[in-house]
Protein chains: 2
Amino acid sequence: MTALDSALHATGRTATGEADPDRRAEIYRNAARIFHRKGYHATSINDIAAAVGLTKAGLYYYIKGKQDLLFAIMSFAMDQLDAQVIEPARREQEPQARLEAIVSRHARLITQDSSALTILVNELEGLLPDDRADIIGRQRDYVEFIADTLAALRDEGKVLGLDPTIGAFSLVGMILWISRWYRADGRLDADEVVAEVTRMAVAAVLNRNAEQAEDPDE
Amino acid sequence: MTALDSALHATGRTATGEADPDRRAEIYRNAARIFHRKGYHATSINDIAAAVGLTKAGLYYYIKGKQDLLFAIMSFAMDQLDAQVIEPARREQEPQARLEAIVSRHARLITQDSSALTILVNELEGLLPDDRADIIGRQRDYVEFIADTLAALRDEGKVLGLDPTIGAFSLVGMILWISRWYRADGRLDADEVVAEVTRMAVAAVLNRNAEQAEDPDE
DNA sequence: GCCAACCTACCGGGCGGTCGGTAGACTGGG
DNA sequence: CCCAGTCTACCGACCGCCCGGTAGGTTGGC
């Protein structure tokens with residue numbers, strides 16, 4: 001997660017703004033890991049401070065507060081999603097290729113490091129209202145991007161009788177859930193998981209047999 | 001959620017055991033709602049007490065502690081899953097019918113009342129180790145039940161080149177995610193959501209075209 | 001000598017949980 | 001018909017603890 005350094009500059013509003021960015025990146029990385037493991041509310045500032053070898057007061061040299069720390073991590077995760085998933089997928093012209101890009105890239109990201117991305121969806125209620133509105137808005141945009149892609153597939157005749165909203169949410173659920181069961185040191189390797197999930201996602205929305213095509217309603 | 005009453009008798013180990021079961025059911029119902037909305041750690045005993053018109057001390061007449069309350073709710077949710085999803089599905093002999101029963105029944109349950117079922121997956125770290133082991137074990141059994149169903153489909157030749165474990169987890173993710181976006185008062189109605197999700201789930205795992213059947217590896 | 005990078009010591013407050021008490025309904029003996 | 005005794009269902013006050021956050025240093029490299 002070396003990209004965290006640059007991300008911190010981008011979300012500078014949450015940090016003191018003068019401290020060593022490498023050290024701050026290390027702190028944010030550890031915070032994300034602990035928030036992910038124990039949950040935001042169950043994690044104390046002391047837990048994070050201890051993990052980076054500081055006292056609580058020492059940690060406050062680098063952060064403005066617990067909620068700002070959470071928002072910075074979630075903003076970073078959202079930036080990551082934008083840069084690694086949404087932007088590359090947007091460059092795909094074919095709707096089906098675009099869908100495959102979304103799913104495989106998002107799944108890949110989660111197998112690489114799920115901390116920040118998982119916090120992004122699980123700890124929304126820990127944010128201040130304004131920050132929460134910001135994050136939720138960006139998440140909504142993402143789901144709409146997927147729904148639009150499904151709608152484009154429908155216009156091509158490749159999808160019949162599927163509500164794009166339900167489809168988009170279902171795919172997102174499938175992808176996000178990966179962080180709950182995938183372990184880098186487990187039986188399954190990341191390439192296999194990404195490929196399999198992508199195949200399932202595409203199969204879930206594409207109609208390939210007459211049976212579904214003939215009976216779009218019900 | 002009237003079935004809560006009987007569930008409470010079943011999980012009597014967590015309550016004082018003498019108090020009015022109706023009142024206790026009301027308390028558990030409210031607790032589940034608030035845990036669901038704010039999260040376990042962000043919810044104080046006072047929040048729950050106030051919601052049922054008691055003081056904190058008064059509430060302790062009915063419950064043994066915060067963690068026991070959580071475990072009771074999760075046990076109830078797991079009982080619900082057993083009775084409404086797993087048992088009925090087990091009675092389906094055909095693997096495909098069984099899969100459809102699992103998905104549609106589980107999805108239906110979530111559209112009806114997601115509180116307890118959502119707590120079941122999101123608040124595991126709030127439990128004592130022994131209780132957590134209990135719940136995780138039951139959840140693992142459920143995923144294995146789905147994986148076995150997928151394996152049976154594979155043995156029938158209806159599924160090719162799909163890892164049953166990945167498939168089972170992905171379907172579970174799709175289903176559980178419903179509680180995050182479905183609103184009973186929203187644009188989509190429950191029947192539509194259940195039907196659509198079930199169709200997607202089946203499509204995701206069944207191979208219906210030659211393309212997939214010819215190339216199981218990769 | 002200065003400033004970045006920390007620390008010790010502390011604050012107010014809310015937490016989960018407990019304790020002693022009590023209003024009021026109910027019960028049974030005279 | 002009464003009243004002592006008992007039990008259910010609660011409450012006010014309190015406990016120790018830990019939380020997020022801060023004030024005011026101290027230290028070591030430039």
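Below, each value reflects all heavy atoms present in this structure, side chains not excepted, and no hydrogens, waters or symmetry copies. Letters go in sequence order (proteins before strands), and every chain restarts at 1.
- An OP1 or OP2 oxygen of C:dA4 is reached within less than 4.0 angstrom by no side-chain nitrogen or oxygen of A:Arg23.
- Residues from residues 34-48 of chain A that place a heavy atom under 4.0 Å from any atom of DNA chain C: there are none.
- Not one N or O on the side chain of A:Arg154 forms a donor-acceptor pair closer than 3.5 Å with the backbone of A:Val159.
- Counting to the nearest Å, the P atom of D:dA9 and the CD1 atom of B:Ile27 are 10 Å from each other.
- Looking at heavy atoms from C-beta onward, B:Val103 lies out of side-chain contact with B:Val194 at the 4.5 angstrom threshold.
- At whole-Å resolution of the value, CG in B:Asp22 and P in D:dA9 are 11 Å apart.
- In this structure, B:Arg24 atom CZ and D:dA9 atom P are separated by 10 Å, rounded to whole Å.
- For the residue pair A:Ser75 and A:Arg138, no side-chain donor N or O sits within less than 3.5 Å of a side-chain acceptor on the partner.
- When the C1' atom of D:dC19 is taken as reference, atom CG of A:Leu59 falls 14 Å away, rounded to whole Å.
- Shown here are the side-chain hydrogen bond (donor to acceptor under 3.5 Å, both in side chains) partners of A:Arg132, two or more places apart in sequence or in another chain: there are none.
- For the residue pair A:Glu125 / A:His41, a side-chain donor-acceptor distance below 3.5 Å is found, with atom types taken as modelled.
- Residue B:Ala57 is the one, among A:Gln67 and B:Ala57, whose nearest nucleotide of DNA chain D lies closer to the 5' end (criterion: closest heavy atom).
- One can place OH of B:Tyr60 at 9 Å from C1' of C:dT18, the figure rounded to the nearest angstrom.
- Note that B:Lys66 lies in the cation-pi zone of B:Tyr40, set by a 6.0 Å cut-off to the ring centre and a 45° limit from the axis.
- Atom OH of A:Tyr61 is separated from atom C1' of D:dT27 by 14 Å (rounded to the nearest Å).
- Per the geometry, CG belonging to A:Leu54 stands 11 Å off P belonging to C:dT8, to the nearest Å.
- Residue B:Lys56 contributes atom NZ, which lies 6 Å from atom C1' of C:dG16 at whole-angstrom precision.
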